[in-house]
Amino acid sequence: MMDGASHSYRDPCLAFFGVVIAAMTHELKNSLAIIRENAGLMDDFAEASREGIPLDPARLEQLAERIRDHVARAVGVTQRMSELAHRTDNPCSSVEVSDLLQVTVALLGRAAYLRGVTLERTPLVTPAKIETDPFAVVALVGTCLGRAISGTAEGGSVLLAASSTADGVRLEIECAPAWTSPETNSPAETALAVSLGARILESNEGHPPALLLPLSAPIAED
Amino acid sequence: MRILLVDDEEELVSTLSERLALRGIPSDWATTVEAARMKVKEKTYDLAVLDIQMPGIDGITLKRELEGDYPDMKFIFLTGHGSEEDYHAAIAEAGKECYLIKPVGIDTLLRKMREALQLGDCR
């Protein structure tokens with residue numbers, strides 16, 4: 001029977017996918033609205049010119065540039081959507097951890113903006129590849145980052161720091177000011193981490209738990 | 001009528017404001033909640049068009065705050081979010097006719113504004 005109270009049956013990958021798609025469609029709608037209004041304003045100026053009010057070429061150029069800028073912004077959003085979608089192509093592949101983290105941080109950008117929090121990551125000093133399910137890793141790390149953002153006060157910052165170890169790649173999430181009201185990982189998220197062979201590590205007080213991603217996930221060994 | 005437009009996308013509200021002006025409708029715009037609060041202290045607005053999802057407080061909370069001080073002000077939500085939860089919260093606040101999803105045509109927005117102010121909809 002489904003547990004409606006804890007939603008423990010919910011697939012964390014799908015839940016993450018839903019949240020980021022909603023955020024990206026919101027961003028797309030904003031860009032489309034701006035494009036629509038600026039095109040509409042150009043129509044208004046054209047109508048005014050038929051009534052004898054001279055057109056201002058510089059103003060038209062400004063509006064055209066704005067439209068181009070927001071087309072570019074919308075293209076950027078669709079590129080992020082495509083990158084996310086294609087992470088599901090192969091549930092077991094060798095991936096650069098830096099690429100996964102870059103994609104993940106980009107996906108959480110709007111959540112950080114709405115919270116009024118700066119989201120950054122430090123790159124891996126040494127590139128590291130792991131054998132894993134790329135989409136599941138993005139979902140797991142993204143869910144942890146999302147929780148960190150929610151638990152950080154407006155004006156604060158969240159930093160995703162990655163470092164290579166003998167066992168894999170360690171991911172630390174540092175919140176400033178200190179993380180408040182921390183929710184614990186749901187059973188489904190914990191199960192996802194286990195499936196990936198990831199270990200949830202003790203954290204320093206005021207920061208979310210760290211994650212250790214193995215060099216080779218159990219699914220890669222199936 | 002005097003309109004207040006509140007959305008964190010400056011290029012949206014500034015352009016919308018300009019288009020309203022070309023139609024003889026005076027309006028002001030704000031991209032933050034703090035700026036919106038300052039505007040309503042300076043001028044009287046008949047209707048506010050609010051985005052729901054903004055940094056800081058959401059549009060529904062802002063609406064409650066504004067109508068507490070300005071009970072005659074009408075509200076329209078113009079949002080890109082579109083979740084079930086937001087929809088139900090917004091229509092509970094302002095009525096079904098006063099919830100619009102971006103992008104919306106200016107003629108539709110104008111019609112909604114006029115209906116809200118003439119018929120007393122969009123509480």
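Please read all numbers here as calculations on a predicted model, not as lab measurements. Protein chains get the first letters and strands the later ones, always in sequence-line order, with residue 1 at the start of each.
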Taking the side chain as every heavy atom from C-beta outward, state whether [X] and [Y] have any atom pair closer than 4.5 Å.
| X | Y | answer |
| --- | --- | --- |
| B/L47 | B/M73 | no |
| A/I173 | A/H207 | no |
| A/F17 | A/D11 | no |

Which residues in residues 35-45 of chain B have any heavy atom closer than 4.5 Å to a heavy atom of chain A?
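Near chain A, by residue number: none.
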Identify the residues of residues 6-24 of chain B whose heavy atoms come closer than 4.5 Å to a heavy atom of chain A, ordered by number, or report 'none'.
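Only B/D8, B/E9, B/E11, B/L12, B/S14, B/T15, B/L16, B/E18, B/R19, B/L22, B/R23 of residues 6-24 of chain B have a heavy atom under 4.5 Å from chain A.
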What do the steps show when you test A/R80 against A/E83 for salt bridge (Lys or Arg N to Asp or Glu O under 4.0 Å), and what is the final call?
CA-CA 5 Å; A/R80 290 200 297 276; A/E83 279 175 2; over 6 Å; no
Taking it one step at a time, do B/I25 and B/M1 satisfy side-chain contact (heavy atoms from CB on, under 4.5 Å)?
CA-CA 7 Å; B/I25 300 171; B/M1 56 172 141; 3.9 Å; yes
Is a side-chain N or O of B/T61 found less than 3.5 angstrom from the main chain of B/I57, in a donor-acceptor match?
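No, the answer is negative, given that no donor and acceptor are paired below the 3.5 Å cut-off.
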When you measure from the side chain of A/S31 to the backbone N and O of A/L28, does any donor-acceptor pair fall under 3.5 Å?
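No, A/S31 side chain to A/L28 backbone: no donor-acceptor pair under 3.5 Å.
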Taking 4.5 Å as the heavy-atom cut-off, does anything in residues 136-143 of chain A contact chain B, and if so which residues?
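Checking residues 136-143 of chain A against chain B gives no residue, so none.
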For chain B, which residues of residues 97-122 of chain A have heavy atoms nearer than 4.5 angstrom
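When heavy atoms of chain B are the reference, residues 97-122 of chain A contributes A/R110, A/Y113, A/L114 within the under-4.5 Å range.
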Measure the CD1-CG distance between B/I52 and B/L62 for me, rounded to the nearest 0.5 Å.
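If we round to the nearest 0.5 Å, B/I52:CD1 and B/L62:CG are 11.5 Å apart.
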CG on A/L60 to CZ on A/F45, rounded to 0.5 Å
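One gets 7.0 Å once the value is rounded to the nearest 0.5 Å.
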Evaluate the side-chain contact (heavy atoms from CB on, under 4.5 Å) criterion for residues B/L78 and B/K102: first the C-alpha distance (whole Å), next the side-chain angles of each, then the deciding distance (0.1 Å), finally the verdict.
CA-CA 6 Å; B/L78 179 60; B/K102 296 172 187 171; 4.0 Å; yes
Is a salt bridge present between B/R111 and B/E115, judged by a nitrogen-to-oxygen distance below 4.0 Å?
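A salt bridge links B/R111 with B/E115.
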Is A/R170 salt-bridged to A/E172, cutoff N-O under 4.0 Å?
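Here A/R170 pairs with A/E172 in a salt bridge, since their nearest N and O are under 4.0 Å apart.
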A/R36 and B/I106: side-chain contact (heavy atoms from CB on, under 4.5 Å), yes or no, with the steps?
CA-CA 9 Å; A/R36 184 173 192 161; B/I106 195 158; over 6 Å; no
So does A/E65 have more than 12 non-hydrogen atoms from other groups sitting under 6.0 Å from CD?
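Not more than 12 within 6.0 Å, no.
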Determine, step by step, whether A/R73 and A/N30 satisfy the side-chain contact (heavy atoms from CB on, under 4.5 Å) criterion, reporting the C-alpha distance in whole Å, the side-chain angles of both residues, the deciding distance to 0.1 Å, and the verdict.
CA-CA 10 Å; A/R73 178 180 166 189; A/N30 278 342; 4.2 Å; yes
Taking all atoms of both residues into account, what is the closest heavy-atom pair of A/E174 and A/A161, and its distance?
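The pair with the smallest heavy-atom distance is OE2-CB, 4.4 Å.
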